[in-house]
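Some notes on the structure that comes next.
These numbers were taken from a predicted model, which means no experiment stands behind them. All residue numbers refer to positions in the sequence shown, counting from 1. Atoms within each ligand, like the ligands themselves, are counted from 1 in listed order.
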Amino acid sequence: MNILDRLRNYFRPQLTCADANAFIVDYLEKELDQDTNASFEAHVGKCAVCARFLDQYSTTIDLCKSEGKIAAPPELVESTLDFLRDRGIGRD
Ligand SMILES: [Zn+2]
């Protein structure tokens, strides 16, 4: 790491846990800009809570992707459709 990168890291604003949680999806989708990405990784490197959350979150995403389509329970489908119908959204 060169001196400019070290200085950038030193003066980079520190993320809070709430900030890190807000960025987690974009981080995993690789959609953060370079500075935000570095701030996110710096926070996760120091914060055990966010590191664990990131690990669980990415494991869950991987599981969902590897399982392909997951069938929703019929009760959930019905209650969701009822919810949408009650609000005038949908085909009926
Ligand atoms: Zn944190």
Side-chain angles (χ1 to χ4, degrees):
M1 187 183 291
N2 68 33
I3 187 73
L4 274 180
D5 287 335
R6 283 172 195 243
L7 280 171
R8 262 189 220 109
N9 282 343
Y10 185 78
F11 289 108
R12 176 170 288 131
Q14 301 292 306
L15 294 188
T16 64
C17 291
D19 294 331
N21 285 332
F23 290 139
I24 200 164
V25 174
D26 287 340
Y27 174 76
L28 290 171
E29 299 287 329
K30 301 186 187 325
E31 290 183 357
L32 293 177
D33 63 73
Q34 197 176 348
D35 277 351
T36 309
N37 196 72
S39 296
F40 180 89
E41 289 181 342
H43 180 87
V44 171
K46 287 185 294 191
C47 177
V49 174
C50 287
R52 191 154 162 246
F53 184 61
L54 174 64
D55 187 48
Q56 289 174 340
Y57 198 95
S58 62
T59 302
T60 304
I61 299 288
D62 288 347
L63 272 177
C64 289
K65 283 180 180 167
S66 67
E67 291 297 319
K69 285 189 178 178
I70 298 172
E75 309 84 52
L76 176 63
V77 172
E78 264 320 300
S79 67
T80 303
L81 288 174
D82 285 346
F83 176 88
L84 294 172
R85 281 188 208 110
D86 288 349
R87 282 152 186 81
I89 304 165
R91 280 175 276 176
D92 295 341

Say whether Asp82 and Ser79, considering side chains only, have a donor N or O and an acceptor N or O under 3.5 Å apart. no

Within a radius below 2.8 Å of the Zn ion (ligand 1), how many protein N, O or S atoms are present? 4

Under a 4.0 Å N-O cut-off, is there an ion pair linking Lys65 with Asp62? no

Looking at residues at least two apart in the chain, or sitting in another chain, which of them share a side-chain hydrogen bond (donor to acceptor under 3.5 Å, both in side chains) with Glu41? Tyr27

By ring pair (Phe, Tyr, Trp, His ring centres under 6.0 Å), Phe23 pairs with (sequence neighbours left out) none

side-chain contact (heavy atoms from CB on, under 4.5 Å) partners of Val49, counting only residues at least two apart: Cys47

Could you walk me through whether Phe40 and Asp26 pass the side-chain contact (heavy atoms from CB on, under 4.5 Å) test, one step at a time? CA-CA 10 Å; Phe40 180 89; Asp26 287 340; over 6 Å; no

